[in-house]
Asker: 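The structure is given below, and queries will be raised subsequently.
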Amino acid sequence: MKGYLTARGKIVLSDYREYMNFNLFRGKFSRLIRGFVIFAVVLACLLVLLAGLQMQSTLLVLAAGIALLCFCMFFYLLRRTVKQTCLKRKPFLYATHEVHCGGNGLIYSILYDPEHNPQKLPDSQQDHLYESFFRVYETGGFFYFYPDKKSAIILPKRNMTLQDGQRLRTLLQKELGDRFVRCI
């Protein structure tokens with residue numbers, strides 16, 4: 001594979017957290033949809049709460065309070081799950097990640113740091129053709145390459161120059177067509 005772009009760096013905890021949050025609501029309008037849903041649910045609960053207070057209905061006040069509590073618990077548990085998952089992936093986060101993008105695909109390498117790799121995970125390298133990707137997303141700070149629906153190769157834009165990011169975007173638009181989605 002002829003070299004087109006090389007990005008090398010570490011995936012830090014906040015990168016992985018952002019990926020997990022993105023992965024929950026990925027898509028072109030993910031932030032807009034997520035914000036609208038959160039706003040609508042909170043507004044509906046507050047309106048039911050106000051109506052219950054105005055009508056002096058304990059049942060409505062209780063139902064709205066429980067709904068708001070459940071909504072808050074959902075986000076608390078989501079945040080806790082993300083944190084636990086990130087801590088389990090500690091060797092992955094301390095590893096050096098290298099992505100070489102070429103004319104027909106990319107090579108993804110993980111070089112583990114021996115100090116933070118108690119399980120002695122071996123370094124790995126994966127080759128992916130562009131045609132085999134399920135989808136590739138570009139956000140404000142990342143490229144997420146999804147070889148399948150469940151996992152992604154995370155490429156932070158801070159690991160490349162602005163020109164390299166533009167070259168990669170052009171290449172991905174050409175190679176992937178509709179499977180390349182910009183979420184900016």
Side-chain angles (χ1 to χ4, degrees), residues 1-28 30-31 34 75 77-184:
M1 184 182 316
K2 185 182 174 195
Y4 186 80
L5 168 90
T6 298
R8 180 182 176 114
K10 295 191 183 280
I11 307 291
V12 296
L13 189 60
S14 61
D15 295 344
Y16 197 67
R17 264 192 218 123
E18 191 164 330
Y19 157 69
M20 289 190 63
N21 288 328
F22 174 81
N23 197 40
L24 185 64
F25 294 105
R26 65 179 173 227
K28 197 174 235 181
S30 65
R31 288 188 179 137
R34 189 174 16 179
F75 284 104
L77 291 174
L78 179 66
R79 181 173 250 205
R80 195 174 113 209
T81 302
V82 167
K83 185 176 182 179
Q84 288 174 343
T85 304
C86 289
L87 290 175
K88 287 179 188 173
R89 302 287 309 232
K90 206 171 189 175
F92 176 78
L93 296 174
Y94 281 96
T96 300
H97 301 262
E98 242 178 49
V99 178
H100 302 281
C101 298
N104 59 348
L106 65 86
I107 300 171
Y108 175 57
S109 305
I110 302 174
L111 309 167
Y112 288 100
D113 179 1
E115 185 180 326
H116 297 97
N117 187 6
Q119 298 132 335
K120 305 293 184 221
L121 298 169
D123 295 343
S124 66
Q125 180 174 316
Q126 302 168 351
D127 296 351
H128 299 278
L129 296 174
Y130 293 125
E131 62 196 38
S132 69
F133 280 109
F134 165 70
R135 195 154 284 132
V136 176
Y137 295 94
E138 179 186 6
T139 65
F142 300 90
F143 285 98
Y144 297 118
F145 295 86
Y146 280 84
D148 55 51
K149 289 182 179 182
K150 296 184 180 190
S151 62
I153 296 169
I154 304 167
L155 178 58
K157 288 182 178 179
R158 71 172 179 277
N159 294 343
M160 63 179 78
T161 66
L162 186 60
Q163 293 80 14
D164 286 342
Q166 290 170 346
R167 283 188 8 222
L168 181 58
R169 180 182 312 114
T170 303
L171 175 70
L172 294 173
Q173 287 170 334
K174 176 184 163 210
E175 295 292 330
L176 298 171
D178 290 344
R179 291 179 296 139
F180 176 69
V181 180
R182 290 190 74 200
C183 301
I184 299 175

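Just so it is clear, the structure is predicted and the values come from calculations on it, not from any experiment.
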Asker: Determine whether Arg182 and Gln173 make a side-chain contact, defined as any pair of heavy atoms from C-beta on separated by less than 4.5 Å.
Answerer: yes
Asker: Yes or no on ring pair (Phe, Tyr, Trp, His ring centres under 6.0 Å) for Tyr146 and Phe133, after CA distance, side-chain angles and deciding distance?
Answerer: CA-CA 6 Å; Tyr146 280 84; Phe133 280 109; 9.3 Å; no
Asker: Using every non-hydrogen atom in the two residues, find where Cys101 and Val99 come nearest and quote the distance to one decimal.
Answerer: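 It is SG-CG1, 3.8 Å.
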Asker: Could you state the interatomic distance from OG1 (Thr170) to CD (Glu175), rounded to the nearest 0.5 Å?
Answerer: 11.5 Å
Asker: For residues His128 and Tyr108, is any side-chain donor paired with an opposing acceptor at under 3.5 Å?
Answerer: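 Side chains of His128 and Tyr108: no pair found under 3.5 Å.
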Asker: Could you grab the distance from atom CG of Leu171 to atom CG of Leu176, nearest 0.5 Å is fine?
Answerer: 8.0 Å
Asker: For Arg169, is there any backbone N or O sitting under 3.5 Å from a side-chain donor or acceptor partner on Lys174?
Answerer: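 Absent.
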Asker: Can you confirm whether or not the ring centre of Tyr16 sits under 6.0 Å from the ring centre of Tyr19?
Answerer: yes
Asker: Determine the minimum heavy-atom distance between Lys10 and Ala95, stating which atoms define it.
Answerer: CG-O, 3.6 Å
Asker: Take Glu98 and Gln125 through the side-chain contact (heavy atoms from CB on, under 4.5 Å) test and state the conclusion after the steps.
Answerer: CA-CA 9 Å; Glu98 242 178 49; Gln125 180 174 316; over 6 Å; no
Asker: What are the two closest non-hydrogen atoms of Gly102 and Tyr130, and how far apart are they?
Answerer: O-OH, 2.8 Å
Asker: Does the side chain of Phe143 reach to within under 4.5 Å of the side chain of Leu172, using non-hydrogen atoms?
Answerer: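 SC-SC contact between Phe143 and Leu172 confirmed.
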Asker: Determine whether a donor-acceptor pair (N or O, by modelled atom type, separation under 3.5 Å) exists between the side chain of Asp123 and the backbone of Tyr112.
Answerer: yes
Asker: Of the non-hydrogen atoms in Met160 and Ala7, which two are nearest, and what is the gap between them?
Answerer: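 Scanning both residues completely, I find the closest heavy atoms to be CE-CB, 4.4 Å.
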Asker: Please report the shortest heavy-atom distance between Lys157 and Glu138, naming the atom on each side.
Answerer: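 Distance-wise, the nearest heavy atoms are NZ-OE2, 2.6 Å.
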Asker: Is there a side-chain contact (heavy atoms from CB on, under 4.5 Å) between Leu111 and Arg8 once you walk through the steps?
Answerer: CA-CA 10 Å; Leu111 309 167; Arg8 180 182 176 114; 3.8 Å; yes
Asker: What residues, two or more places apart in sequence or in another chain, satisfy side chain to side chain contact (heavy atoms under 4.5 Å, CB included) together with Asp15?
Answerer: Ile11, Val12, Phe142, Pro156, Arg158
Asker: Applying side-chain contact (heavy atoms from CB on, under 4.5 Å) to Leu155 and Leu106, what does each step give before you reach the verdict?
Answerer: CA-CA 12 Å; Leu155 178 58; Leu106 65 86; over 6 Å; no
Asker: Within the side chain of Asp148, is there an N or O that forms a donor-acceptor pair under 3.5 Å with the backbone of Ser151?
Answerer: yes
Asker: Using the ring pair (Phe, Tyr, Trp, His ring centres under 6.0 Å) definition, which of the options Phe22, Phe180, Phe145 pairs with Tyr137?
Answerer: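 Only one option passes, and that is Phe22.
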Asker: With side chains defined as the heavy atoms from C-beta onward, is the minimum distance between Tyr144 and Ile154 less than 4.5 Å?
Answerer: yes
Asker: Please identify each residue that fulfils side-chain hydrogen bond (donor to acceptor under 3.5 Å, both in side chains) with Arg179, with sequence neighbours left out.
Answerer: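 So Arg179 forms no side-chain hydrogen bond (donor to acceptor under 3.5 Å, both in side chains) with any residue.
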Asker: Measuring from Leu168:CG to Leu5:CG, what's the distance to the nearest 0.5 Å?
Answerer: 5.5 Å
Asker: Which pair of heavy atoms, one from Asn159 and one from Gly9, lies closest together, and at what distance?
Answerer: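 Taking Asn159 first and Gly9 second, the nearest heavy atoms are ND2-CA, 3.6 Å.
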